[in-house]
Structures are given as structure tokens and as C-alpha cells.
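Have a look at the structure below, then the notes.
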Number of protein chains: 2
Amino acid sequence: MDHTSLPTEPATSRTTAPRLRRLSLYEVVAERLREMVLEGELPPGSRISEKRLCESFEVSRTPLREALKVLANEGLVELLPNRGAKVTEVDPQAVADLFEVMAELEGLSGRLLAERADETAIAEVRELHERMLDHYRRQERQDYFALNQRLHRRLTEIAGNGVLLELESSLTVKVTRARYAANLQLGRWEESAREHAEILEALEARDAVALSRTMRDHMRRTGEAVLQGLGVNGSPDKK
Amino acid sequence: MDHTSLPTEPATSRTTAPRLRRLSLYEVVAERLREMVLEGELPPGSRISEKRLCESFEVSRTPLREALKVLANEGLVELLPNRGAKVTEVDPQAVADLFEVMAELEGLSGRLLAERADETAIAEVRELHERMLDHYRRQERQDYFALNQRLHRRLTEIAGNGVLLELESSLTVKVTRARYAANLQLGRWEESAREHAEILEALEARDAVALSRTMRDHMRRTGEAVLQGLGVNGSPDKK
DNA sequence: ATTCTGCATTTTGAATTCAAAATACACGAA
DNA sequence: TTCGTGTATTTTGAATTCAAAATGCAGAAT
């Protein structure tokens, strides 16, 4: 092989002077792979050729394989015995199940929030909400979505249950993937913004029941929208 | 180095004739490691020396490191940058958080069960319950515990939400660890058996509200018992 | 005595090498 | 022609090797 057996820089930016980098190679690879799967650059069901990916990333197979193990645990790829890896399919039933669970967890999050959010936290959430509304009015889709993720994450942080936070983070990865797969440009903006307003209201009132319900329902409706985007007809009977 | 550079068998049993084995080496290693962590053979907080483990397992570092990545995702070990791995501590707050989430998920499971369990499934659960009672009467701790795990898993299977099932499986690993750490020999047997009876009753009545509540509360009480075993005083205020 | 510096040793991170399994393909028999 | 069988090629699984980072320690300077 070649790639000039210099102790070459890992092909990152050159301009940053002191190079603060920490971060194992497999983490970088995992991050990039995750992106590729989420955005459909690696389409669902496609086989992953280790060799090709190694070449395109310019890394050896060791860190790539380690990264694949991480992605497998996240459910983004499947590891087949002696036959490599493939990108997992987006099964509508699994997506429905996912949102069912997420909705329940959001409900828990709401209940905890009502108990544990102090004035500072509420003010912070309110501010995030206002900024989202700005993006909404300007129809800045990317920014809106990014803030949306951040708001939801922040809410769970404030809820103060570390396990819940981790869980929601990892499930959010799958939600995001389902969203992409559904190509959700969503005319749900308006509805969603209204629901956020309700959530904020319940939070300010510290009404545990209302907060739990609104957050849960918000997630349910998001799920319904995503499933519609996946071409699932409304009837929610199993199998 | 030595260990006799023959193409030696991977040091598994010799007697089995046809060698049916499937299963990558890293999976075997992960399985064994998991056991060691769960049962405290590798105590919480202890550093893991790759070299020593490799020698004791008689495998090279590659599969061991892959296994460590898996365990890290399960939250059983922590990977430090350039400084190896250590077994995660059992933080009582994290355990409390864990049971808070598990209880909520059990509640969801119960609600779904009431909708989706058919006669056959209920009969099956009833039978498992009876067998548990037998073990209880005979004070067969191991068998009781094993069946307990199986019963709970089966219930979630019947609930029919794949994401929920996966989630509970992975969280159950942590629950088990907390249990061991608490050295829960439990005089909770009797109470637990009674709660199981209630659950079965609600299931047979297909009472969603009752089933959801009993399952949730059962998990909560288990959590309380474990936390007690960890030496946590009752007061449930944070931080 | 204490702290700092530089070197030796150990341990981890990643590339490479080697072996085993799976796949593709060509040839021959029915 | 079609179906098997055997062989070559490719791809994966795991061990080994090499390089970089961290750790431990001895000696010097204050």
C-alpha cells in the first residue's frame, strides 16, 4: 500500500495552530459513518464494503471495524457473521414502536420537569422557545430543526435523570433517521410551534399532569407525521 | 512471546466432535467480560489491563478491544482516552435514575399487554408464575431468579413493542449489576411473589390501568430494595 | 527535603499481516 | 441445458507489528 507512509496528519484542518485534538480515530470514523447513514448517503439495506470505506476514509480496517461495532449498538448497522455489515432497514413497525416508547419517556420527562425546573431553567427554556419562533417566522428550516433538538435535549437535562437523558439521546438518533427517511419537510411547523407553546405554558405553571401530557402527545404527533411520511396509512393495528 | 504458535484451537472444549460453533471471538469475550463485571469478579472502578486479560482469555488484543467497545456502549466499562478502560462505578444516583425509567417502561409494557395478550399468552404467563411459586416454596434462589428474569422478558415480548423489548433487555443488564452490587439476597421474595400474583390478576382481567400500575410499582419497589441494599437512606431528594 | 526535568519502561492506538470463511466462476456429468 | 462439484478470488476474522502516548523513576537544581 502507499498513502505515503509519513506520519501524516489525519487529514483534518490545517489552520488550527495548537491542535487541541483528543478523540480516537474510531470515534471520528463512527461520527462520520453515523452522518452518512442518517442522511442516506449509505442507503438502508446496502452492504458495507470495509475495503472501500477504508480507502475513502484513509484509515485501516481496525478503527473502521471498531466504529462499526459502535454503530451496531446504536442500531444503525447490522453485523452479519463472516459476511460484513449492512445498513439496517427502516421498518415502519419499528418506527411506530420507537415513537410509542419515546412518547412514554417524554411523559416521564415532563413529570420530572414540573418538579425540578427552577426559575432560571424555565427562563432559559423560554428563551430557546422564542428563538425557535424567530426561525419559524423566517422559515429557516435548518436552524429551527437544530434548535428544536437542542430544546428537547435541554428539557431532559433539566428533568435531571441521567439515564433518561442517555436513552433519549440514543433514541433520538433513530428518530432523526426515520425523519430523514420520511423526508419530513413538514407542514407540521405551525402545529409543532403551537404544541411547544403549550409545553412552555404547562412548564411555567409547573403543572406536572399537563406537562407530562403535552410532551407525550407532542411526541406522538411527531410520530404520526413521520409514519405518514413513510407511507403508512393511519390504521394503527399491529402486524 | 510464546503460547506455542501452533494454529491452536481457541482453547475451548475439546470433546465436542463436530464443532458447531458460530459466534465471533469478540462476542464470546464480551459475554465473558459482562459476566465478570456483573458478578463483581472485576470490581467497580478497577482498571482493566488489556495485556492481562488477553493472556487469561488467550486471545489477542484485537477481539478484546472490540468487546470493550460493546461493553462501553452497555455502560459497564468506561473507555479513557489513551489510558485504557475501567469498570464503571455503581453510582446510587444512577441506579435510582435507572429504576425511575424502568418503572415507567414497565408501566407502558403493562398498558400494551392488556391490549395485546391473548388467551394462550396469558396461560403461558400463568404457568411461569406457578413454576416460580414452586421455586419460592423450595427456596431455590437461583432458579427463582432465573425464571423471574424470563417471566419479565416474556411479558415485554407479549407487549409486542420491539424497541421496548430491546431497551428493557439492555437496562436489565444494569439492574442486574446493581442487584449484585447491593448483594440482594432479598427477603423481598414474599412481597415480590405477592406482587406477581397481582400482576397476573390484572393481566387476566385485561385491566390496562391496574396492570400498568402494578407492573410500574413492582419495579419501583424492587428499586427501593436495591437502593437500600446499596446503603441509601430512604430520603429521595436529589443531589 | 522538595520539586522539576529527562529518560526508560509500559501501555495504548492503529496499520499490517496471516488465516479462515464466503463468494464467484469454470468445468464436467447427467 | 442444467445442476453440482471443485477451484480461484475476494472478503472477513484475528494475530502481530509498529508507533505514539502515558507512566514511573532517578538525579539535579533550588
Side-chain angles (χ1 to χ4, degrees), chain A residues 1-12 18-33 42 45-73 77-87, chain B residues 1-12 16 18-33 42 45-73 77-88:
Chain A
M1 196 133 294
D2 67 348
H3 69 79
T4 70
S5 61
L6 308 173
T8 84
E9 318 282 47
T12 44
R19 218 64 174 331
L20 186 50
R21 67 106 140 196
R22 252 344 55 192
L23 223 47
S24 296
L25 198 40
Y26 85 91
E27 291 176 288
V28 179
V29 172
E31 179 64 30
R32 178 83 187 98
L33 260 180
L42 291 173
S46 64
R47 279 283 295 281
I48 290 177
S49 159
E50 289 187 5
K51 192 147 71 89
R52 275 198 324 119
L53 271 186
C54 285
E55 283 162 10
S56 85
F57 287 168
E58 300 187 69
V59 299
S60 77
R61 283 173 54 216
T62 309
L64 175 65
R65 301 182 88 246
E66 291 180 346
L68 282 175
K69 250 118 218 132
V70 174
L71 278 271
N73 276 49
V77 305
E78 254 173 306
L79 265 30
L80 316 179
N82 284 318
R83 301 171 59 247
K86 72 183 244 280
V87 180
Chain B
M1 194 144 290
D2 66 348
H3 69 80
T4 69
S5 61
L6 307 172
T8 81
E9 317 282 47
T12 44
T16 52
R19 219 59 174 333
L20 186 50
R21 65 108 139 201
R22 254 342 55 194
L23 226 45
S24 295
L25 198 41
Y26 84 91
E27 292 176 288
V28 179
V29 172
E31 179 65 30
R32 178 82 188 97
L33 259 180
L42 291 173
S46 65
R47 279 282 296 279
I48 291 178
S49 158
E50 289 186 5
K51 194 145 71 88
R52 276 198 325 120
L53 272 185
C54 284
E55 282 163 9
S56 86
F57 287 169
E58 300 187 71
V59 300
S60 77
R61 283 174 56 217
T62 308
L64 175 65
R65 301 184 87 245
E66 292 181 344
L68 282 175
K69 250 119 217 134
V70 174
L71 277 270
N73 276 48
V77 305
E78 254 173 305
L79 265 30
L80 316 180
N82 284 317
R83 300 166 66 248
K86 72 184 248 269
V87 180
T88 55

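All chains are named by letter (A, B, ...) in the order of the sequence lines, taking the proteins before the strands, and each is independently numbered beginning at 1.
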In whole angstrom, give the distance that lies between atom CG of B/Leu25 and atom P of D/dT16.
12 Å

Looking at B/Glu58 and B/Glu55, would you say the former's side chain and the latter's main chain have a donor-acceptor pair under 3.5 Å?
no

From CZ of B/Arg52 over to P of C/dT10, roughly how many Å is that when rounded to an integer?
16 Å

B/Arg65 CZ to D/dG13 P: how many Å, rounded?
17 Å

DNA chain C: 5'-proximal contact among B/Gly84 and B/Thr62 (nearest heavy atom)
B/Gly84

Do the side chain of A/Ser60 and the base of C/dA14 come within less than 3.5 angstrom through a donor-acceptor pair of N or O atoms?
no

Would a distance-only check, ignoring hydrogens and angles, find a side-chain to backbone donor-acceptor pair under 3.5 Å from B/Ser49 to B/Arg52?
yes

Tell me which nucleotide among D/dG13, D/dT17, D/dA21 gets nearest to the side chain of B/Arg61.
D/dT17

What is the separation between atom NZ on B/Lys51 and atom C1' on D/dA15, rounded to the nearest whole Å?
16 Å

Base, sugar-phosphate or nothing for A/Leu64? Non-hydrogen atoms, less than 4.0 Å.
nothing

Can you tell me the distance, in whole Å, between the CD atom of A/Glu58 and the P atom of C/dA15?
11 Å

Measuring from the side chain of B/Glu50 (C-beta onward, heavy atoms only), which nucleotide among C/dT12, C/dA15, D/dA15 has the closest atom?
C/dT12

Apply side chain to side chain contact (heavy atoms under 4.5 Å, CB included) to the pair A/Val70 and A/Leu33, showing each step before the final yes or no.
CA-CA 10 Å; A/Val70 174; A/Leu33 260 180; over 6 Å; no

Taking CD from B/Glu66 and C1' from C/dA14, how many angstroms apart are they, rounded to a whole number?
13 Å

From CD of B/Glu55 across to P of D/dA15 the rounded distance in Å is 13 Å

Per A/Asn82 side chain, nearest of listed nucleotides C/dA15, D/dA15, C/dA21:
C/dA21

According to a strict under-4.0 Å criterion, is A/Arg83 in side-chain N/O contact with OP1 or OP2 of C/dT23?
yes

Rounded to the nearest 0.5 Å, how far does OG1 of A/Thr62 lie from CD of B/Glu66?
8.0 Å

Testing the basics here: between B/Ala67 and B/Tyr26, what is the closest heavy-atom pair and its distance to 0.1 Å?
CB-O, 3.6 Å

Output the rounded distance in Å from CZ (B/Arg47) to P (C/dT10).
15 Å

